[in-house]
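Remarks on the structure that follows.
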Amino acid sequence: MSDDDFSKGTAYVRGAFVPVAKASISPLDWAFTRSDVVYDVVHVSDGAFFRLADHLDRFERSMRARRMKPTESREEIERILHRCVATSRLKDAYVAMVTLRGLPRIAGSRRPSDCENHFLAYAIAWVDIVPKEVKERGVRLWISSVPRVSDRAVDPTVKNYQWNDLTSGLMEAHDHDFDTAVLCDESIVTEGPGFNVFIVKDGKVRTSDRGSLQGITRRSVLEFCGVLGYKASIEPIPREAIEAADEIFLTSTAGGIVPVVRVNQTILGNDRPGPVFERIKDLYWRNHRESAYRTDVNYAV
């Protein structure tokens with residue numbers, strides 16, 4: 001790939017737009033040495049961002065929570081995201097916005113406030129949380145023995161790169177020939193690597209109240225349940241409830257709404273996605289065409 005080939009994606013780093021393969025940060029950046037980062041991801045479908053304002057709102061909340069402030073304003077960040085997509089001419093894209101702690105202005109300082117925060121963004125071709133063929137047949141979900149890091153230690157509502165527990169759960173799932181994993185806070189369901197979890201029992205839809213990112217796709221599902229007449233709630237979900245569910249599905253910006261057909265040794269719905277999932281998924285994708293959720297990419301930037 002030549003130095004000016006943006007076909008695989010575009011990144012914005014230190015004020016410059018570069019091919020994503022050329023993007024880099026210092027190995028001394030606290031983002032690298034301490035995973036001291038906040039980020040958010042928005043997807044582009046058919047040439048439009050989905051719920052971009054909501055993602056920007058959450059990104060701003062995450063930065064405030066971690067006392068980070070890059071030089072770019074919200075308006076500048078939005079323009080940068082548009083240009084990252086437009087430069088690579090992507091119609092379906094995974095678009096990340098990242099604020100890094102940076103390097104201390106004073107050599108050797110251990111004070112986070114001494115660091116020069118900076119902003120990075122990139123757009124690459126659409127990414128799914130599981131391969132397409134797995135998404136079509138339904139996910140086989142492993143309940144991990146690895147506990148979720150406590151909310152008191154790492155706030156899961158601040159989107160961050162602390163994934164050691166999630167990655168350990170994922171490795172365990174793969175060791176057992178499952179597609180992905182869900183982690184529990186001891187005995188209560190939390191989330192998986194990159195997704196929220198919903199269960200359906202007797203027509204009621206529930207998602208976890210702890211150990212979980214307040215996902216934008218999760219929010220969409222809760223809203224659409226009301227439209228479809230399903231009772232939906234955010235509440236504690238005991239581990240045993242997930243194996244007794246009628247249906248389970250996962251939600252993520254990377255991939256949308258994904259059905260689960262097996263949990264450990266339990267087979268759900270004759271190994272097929274369930275009817276509640278199908279109705280919510282269809283409404284979710286139909287709403288990508290609605291102006292209330294859609295921000296057309298400015299390909300002229």
Side-chain angles (χ1 to χ4, degrees), residues 1 3-44 49-90 92-105 112-127 154-155 157-164 166-167 193-194 213 215-216 252-254 295 297-299 301:
M1 185 172 71
D3 288 347
D4 59 352
D5 182 359
F6 290 86
S7 64
K8 300 298 183 183
T10 298
Y12 169 88
V13 186
R14 296 290 190 181
F17 291 90
V18 299
V20 70
K22 302 295 182 181
S24 63
I25 65 169
S26 168
L28 303 180
D29 196 305
W30 284 19
F32 178 71
T33 61
R34 302 183 181 183
S35 294
D36 201 353
V37 169
V38 297
Y39 77 110
D40 218 288
V41 172
V42 58
H43 74 229
V44 168
F49 291 99
F50 183 68
R51 303 193 75 152
L52 176 58
D54 292 323
H55 283 280
L56 289 167
D57 287 346
R58 187 174 65 181
F59 186 49
E60 288 189 320
R61 287 196 300 273
S62 293
M63 287 191 289
R64 286 195 299 270
R66 297 302 298 161
R67 305 182 191 181
M68 292 184 181
K69 189 173 179 59
T71 59
E72 292 84 354
S73 67
R74 177 183 173 124
E75 292 73 23
E76 289 169 328
I77 288 172
E78 186 168 353
R79 286 195 293 271
I80 289 165
L81 299 181
H82 278 268
R83 185 168 171 184
C84 283
V85 178
T87 300
S88 295
R89 314 306 297 174
L90 294 167
D92 300 290
Y94 175 102
V95 186
M97 54 196 99
V98 187
T99 295
L100 303 84
R101 183 68 69 187
L103 295 169
R105 300 179 187 88
S113 59
D114 286 339
C115 290
E116 182 181 355
N117 308 152
H118 60 108
F119 175 72
L120 176 154
Y122 61 88
I124 57 176
W126 181 276
V127 172
V154 179
D155 184 351
T157 68
V158 175
K159 199 166 173 69
N160 64 80
Y161 282 168
Q162 194 300 110
W163 267 51
N164 279 344
L166 297 171
T167 300
L213 179 71
I216 304 301
S252 174
T253 294
T295 303
V297 174
N298 181 5
Y299 288 98
V301 295

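All values below come from the heavy atoms of this structure, side chains included, with hydrogens, waters and symmetry mates left out.
Contact check for P19 versus D5: no side-chain heavy atoms found under the 4.5 Å cut-off. Taking the side chain as every heavy atom from C-beta outward, L56 and M97 approach each other to under 4.5 Å. V38 has its side chain within reach of F59: a pair of non-hydrogen atoms, C-beta onward, lies under 4.5 Å apart. Considering only heavy atoms from C-beta on, F49 comes within 4.5 Å of V95 through its side chain. By the 4.5 Å heavy-atom criterion applied to side chains, L103 and E116 are not counted as neighbours. When side chains are defined from C-beta on, K69 does not count as touching M63, because their heavy atoms never get closer than 4.5 Å. Residues Y94 and V41 form a side-chain contact, since some pair of their non-hydrogen atoms from C-beta on lies under 4.5 Å apart. Under the 4.5 Å side-chain criterion, counting only non-hydrogen atoms from C-beta, T99 is not in contact with V37.
Taking the charged nitrogens against the carboxylate oxygens, K159 and D40 have no contact shorter than 4.0 Å, which rules out a salt bridge.
Residues meeting the side chain to side chain donor-acceptor pair (under 3.5 Å) test with D29, sequence neighbours left out: H118. Scored by the salt bridge (charged side-chain N to carboxylate O under 4.0 Å, His left out) test, D57 finds R74 as partners (sequence neighbours excluded). The side chain to side chain donor-acceptor pair (under 3.5 Å) check on W126 picks up D128, with sequence neighbours excluded. Under the rule for a side chain to side chain donor-acceptor pair (under 3.5 Å), N117 has no partner lying at least two apart in sequence or in another chain. Judged as a side chain to side chain donor-acceptor pair (under 3.5 Å), and not counting sequence neighbours, R89 has no contacts.
The minimum heavy-atom distance linking I124 with V127 is given by the pair CD1-CG2, 3.8 Å. Between S35 and Y161, the shortest heavy-atom distance links the atoms OG-O, 4.2 Å. Of all heavy-atom pairs between N164 and Q162, the closest is N-OE1, 3.1 Å.
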(request) Carefully, step by step, assess R105 and D114 under the rule salt bridge (Lys or Arg N to Asp or Glu O under 4.0 Å). (result) CA-CA 6 Å; R105 300 179 187 88; D114 286 339; 5.6 Å; no
(message) Could you go through R66 and V158, starting from their C-alpha distance and side-chain angles, then the distance that decides it, and tell me whether this counts as side-chain contact (heavy atoms from CB on, under 4.5 Å)?
(response) CA-CA 8 Å; R66 297 302 298 161; V158 175; 3.8 Å; yes
(message) For D92 and V44: C-alpha separation, side-chain torsions, deciding distance, then whether side-chain contact (heavy atoms from CB on, under 4.5 Å) applies.
(response) CA-CA 5 Å; D92 300 290; V44 168; 5.9 Å; no
(request) Report the C-alpha separation of T71 and F119 in whole Å, then their side-chain angles, then the decisive distance to 0.1 Å, and conclude whether the side-chain contact (heavy atoms from CB on, under 4.5 Å) test is met. (result) CA-CA 8 Å; T71 59; F119 175 72; over 6 Å; no
Can I get a per-line list of side-chain donor-acceptor pairs under 3.5 Å for residues 76-85, giving both atom names and the distance, sequence neighbours left out?
from	atom 1	to	atom 2	distance (Å)
E76	OE1	S73	N	2.7
E76	OE1	S73	OG	3.4
H82	ND1	N298	N	3.0

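Using modelled atom types, no side-chain atom of S88 and backbone atom of S7 make a donor-acceptor pair closer than 3.5 Å.
No close placement of the Y12 and Y122 rings is indicated, their centers lying 6.0 Å or farther apart.
Distance check, rounded to the nearest 0.5 Å: CG of D155 to CG of L213 gives 9.5 Å. Separation of atoms CG (L100) and CZ (R34) is listed at 14.0 Å; rounding is to 0.5 Å. The line from CG of L90 to OG1 of T10 is 7.0 Å long, rounded to the nearest 0.5 Å. Taken from NE2 in H55 to OG in S62, the straight-line distance is 12.0 Å, to the nearest 0.5 Å.
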